Amino acid sequence: MSLIRKTAAELGSMIAAGEVSSVEVAEAHLDRMTEVEPKVKAFLHVDRETTIAQARAVDTRLRAGERLGPLAGVPIAHKDIFTTRDMPTTAASMILEGWRPPYDATVTKRLREAGLVILGKTNLDEFAMGSSTENSAFHTTCNPWDLTKVPGGSSGGSSAAVAAYEAPLSTGTDTGGSIRQPASVTGIVGMKPTYGGSSRYGLIAFASSLDTPGPFARTVLDAALLQEAFSGHDAMDSTSIDAPVPSVVEAARHADVAGMRIGVVKELGGDGYQPGVLARYNEAVQLLESLGAKVVEVSCPSFTTALYAYYLIAPSECSSNLARFDAMRYGLRVGDDGTRSAEEVMALTRAAGFGPEVKRRIMLGTYALSSGYYDAYYGQAQKVRTVISREFEAAYQQVDVLVSPTTPTTAFAIGERVDDPMAMYLADLCTIPSNLAGNAAISVPCGLAEEDGLPVGLQIMAPVLADDRCYRVGAAVEQALESRWGGPLLKEAPSL
Amino acid sequence: MSAITRDEVAHLARLSRLALTGDELDHYATQLDAIIEAVAKVAEVAAEDVPPSSHALPLTNVFRADEVRQSLTPELALAGAPAVEDDRFRVPRILGEEA
């Protein structure tokens with residue numbers, strides 16, 4: 001089997017055993033990128049020489065007898081919202097085009113320490129605001145299953161790169177579903193760790209109380225290995241949790257749900273969901289029951305309002321966070337002709353440098369935080385956030401994990417929702433509650449929808465710092481379904 | 001009745017330091033109106049006696065020792081600046097003519 005079809009765990013073992021070099025593995029993936037990137041367009045920045053130099057350095061360290069962990073020498077695609085000293089970092093925005101950050105994000109630093117080889121920076125919706133990559137200032141990424149469909153978003157470059165075998169692993173960030181939704185619509189695994197479980201230092205901020213870095217992979221075990229590699233306390237992030245990383249790798253190897261209590265969230269499903277999504281989801285629930293789990297229905301009535309609370313809280317935080325793009329210290333500056341004031345230059349720069357969705361959210365957040373509207377919008381949304389957290393807590397008194405479809409529909413067509421922001425926002429309906437409560441949640445493939453042949457994801461939600469439960473249930477579903485399908489779901493994807 | 005008027009959007013754009021065109025104001029007024037109408041549904045959750053959450057974790061006041069540590073050099077800090085003069089960020093005037 002060719003190197004690009006192997007899992008990250010397999011590649012790591014082969015490299016450690018000296019069966020293949022990191023340079024050879026990197027070259028195989030770079031060749032694949034040359035072949036399929038014109039169609040998929042997952043990356044914003046690729047630099048063959050920098051990649052090969054990183055791989056060569058890892059090979060040298062391994063030959064010198066250094067012990068580097070299970071992913072040493074394995075290539076990874078890195079979302080272009082994490083700062084990287086040796087590659088541009090743009091957040092897919094014109095306002096940061098060509099920017100070279102003066103420091104590495106903690107996640108970047110830990111990838112390097114673990115010996116992972118960064119293949120390039122992946123496309124996203126501008127500042128991670130969107131569900132399709134159509135809000136990228138540079139280009140739209142295509143879904144490898146059907147190039148006329150979106151790869152999800154905001155981390156759509158990362159999901160497409162892994163689904164197209166351009167990389168065995170990639171990083172993402174999940175603020176309202178930006179890892180789980182793209183994983184779901186491209187047929188791969190995507191995990192949002194517990195908020196605070198992975199560092200935000202050097203992650204360009206969108207909504208600071210929600211932003212969470214997490215892994216993409218083609219297998220549950222690979223996702224766990226990557227999460228373990230970059231997670232853990234970071235003194236540079238004051239909201240980082242000072243507690244041991246949950247034993248996610250062990251859980252991914254313990255694919256057993258016998259005796260586990262699984263709650264089906266009543267409010268996430270039914271009307272408005274695509275029939276093929278519900279069919280695959282219901283089968284997955286039955287599968288869990290047949291594997292020995294105790295399945296019960298759980299009601300979380302305020303989850304249906306979570307979407308609205310989120311679209312007040314996230315834009316409010318965004319309007320404040322994006323104030324830093326002021327044309328003074330870094331990034332774009334427009335209209336500085338010696339006569340205009342700083343304020344005028346700022347307004348011209350921001351108008352030229354931000355795309356439509358970013359402008360919409362900045363203004364929406366500014367509105368929600370305005371005196372006179374604050375109590376009715378931002379204040380009320382914060383209270384709804386408390387109610388949702390309480391509903392999760394009550395549910396976890398009865399069950400170990402909750403399940404739902406990851407997203408109400410399969411991948412939609414490029415262009416279909418671009419002029420209708422509310423329709424675009426609905427892609428996050430099922431994923432948002434876990435962001436508001438800070439819970440862990442994963443999406444694993446659970447089949448193809450009958451009507452369009454596109455992937456469907458099962459979402460598994462677990463309490464704060466119980467990330468291991470997501471992996472344990474995810475691994476059990478993966479194992480049972482792959483034995484039914486005779487291999488991974490991605491083997492059904494058309495060759496590019 | 002619309003939730004937000006074009007004049008209000010123009011005010012928000014000014015507060016947000018976004019120099020928008022007239023066409024953009026029309027466009028955003030329509031879209032923001034639809035979004036605000038939707039998000040207003042947060043009012044449907046009875047939450048008068050519920051405390052607000054700004055955050056998912058019960059973390060407050062994380063401190064570190066007040067020690068001098070290595071930080072960015074002036075060269076690195078200025079490396080991405082749109083304009084530099086004498087090792088400083090050069091910016092447009094910030095005060096009006098009368099000042």
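Proteins get letters first, then strands, A, B, ... in listed order; numbering begins at 1 in each. The structure displayed is predicted, hence computed values, not measured ones. All heavy atoms count here, side chains included; hydrogens, waters and symmetry mates do not.
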Pick from [options]: which one has the most heavy-atom pairs with chain B under 4.5 Å?
options: A/Y377, A/Y311, A/W99; answer: A/Y377
options: A/G338, A/P356, A/S319, A/A327; answer: A/P356
options: A/A376, A/G438, A/S209, A/G196; answer: A/S209
options: A/L348, A/L307, A/L312, A/D242; answer: A/L312
options: A/E317, A/E343, A/R100; answer: A/E343

Chain B heavy atoms under 4.5 Å from [X]: which part of the residue, side chain, backbone, both or neither?
X: A/Y310; answer: neither
X: A/A309; answer: both
X: A/R85; answer: side chain
X: A/Y373; answer: side chain
X: A/D420; answer: neither
X: A/T386; answer: both
X: A/I241; answer: side chain

Can you name the closest pair of heavy atoms from [X] and [Y] and give their distance?
X: A/T239; Y: B/L57; answer: O-CD1, 4.0 Å
X: A/A351; Y: B/A19; answer: CB-O, 3.2 Å
X: A/R385; Y: B/A56; answer: NH2-N, 3.6 Å
X: A/M328; Y: B/P82; answer: O-CD, 3.5 Å
X: A/R340; Y: B/P92; answer: O-CB, 3.6 Å
X: A/A342; Y: B/I94; answer: CB-CG2, 3.7 Å

[X] side, atom [atom1]; [Y] side, atom [atom2] - distance, nearest 0.5 Å:
X: B/Y28; Y: A/I362; atom1: OH; atom2: CD1; result: 9.5 Å
X: A/K359; Y: B/L32; atom1: NZ; atom2: CG; result: 12.5 Å
X: A/L210; Y: B/H55; atom1: CG; atom2: NE2; result: 8.5 Å
X: A/Y367; Y: B/I36; atom1: OH; atom2: CD1; result: 4.5 Å
X: B/L12; Y: A/S370; atom1: CG; atom2: OG; result: 6.0 Å

- Item | Derivation of the side chain to side chain contact (heavy atoms under 4.5 Å, CB included) call for A/T366 and B/H11 | CA-CA 10 Å; A/T366 304; B/H11 179 61; over 6 Å; no
- Query: Can we say A/K383 and B/E48 salt-bridge, meaning some charged N sits less than 4.0 Å from an Asp/Glu carboxylate O?
  - Reply: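 Here A/K383 does not pair with B/E48 in a salt bridge, since their nearest N and O are not under 4.0 Å apart.
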- Query: Could you go step by step and tell me if A/Q382 and B/S53 meet the side chain to side chain contact (heavy atoms under 4.5 Å, CB included) rule?
  - Reply: CA-CA 5 Å; A/Q382 285 189 308; B/S53 306; 5.5 Å; no
Tell me if a side-chain donor or acceptor on [X] pairs with a main-chain N or O of [Y] at a distance below 3.5 Å.
X: B/R17; Y: A/D326; value: no
X: A/R360; Y: B/Q31; value: no
X: A/Q380; Y: B/V45; value: yes

- Message: Could you work out, with side chain to side chain donor-acceptor pair (under 3.5 Å) as the rule, every residue matching A/D104, not counting sequence neighbours?
- Response: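 A/R112.
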- Query: Is any residue of residues 61-74 of chain B within less than 4.5 Å of chain A by heavy atoms, and which ones?
  - Reply: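 Under the 4.5 Å heavy-atom cut-off, B/V62, B/L72 qualify.
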- A/D336 vs B/R90, salt bridge (charged side-chain N to carboxylate O under 4.0 Å, His left out): CA-CA, chis, key distance, verdict: CA-CA 11 Å; A/D336 183 15; B/R90 196 189 67 74; 3.3 Å; yes
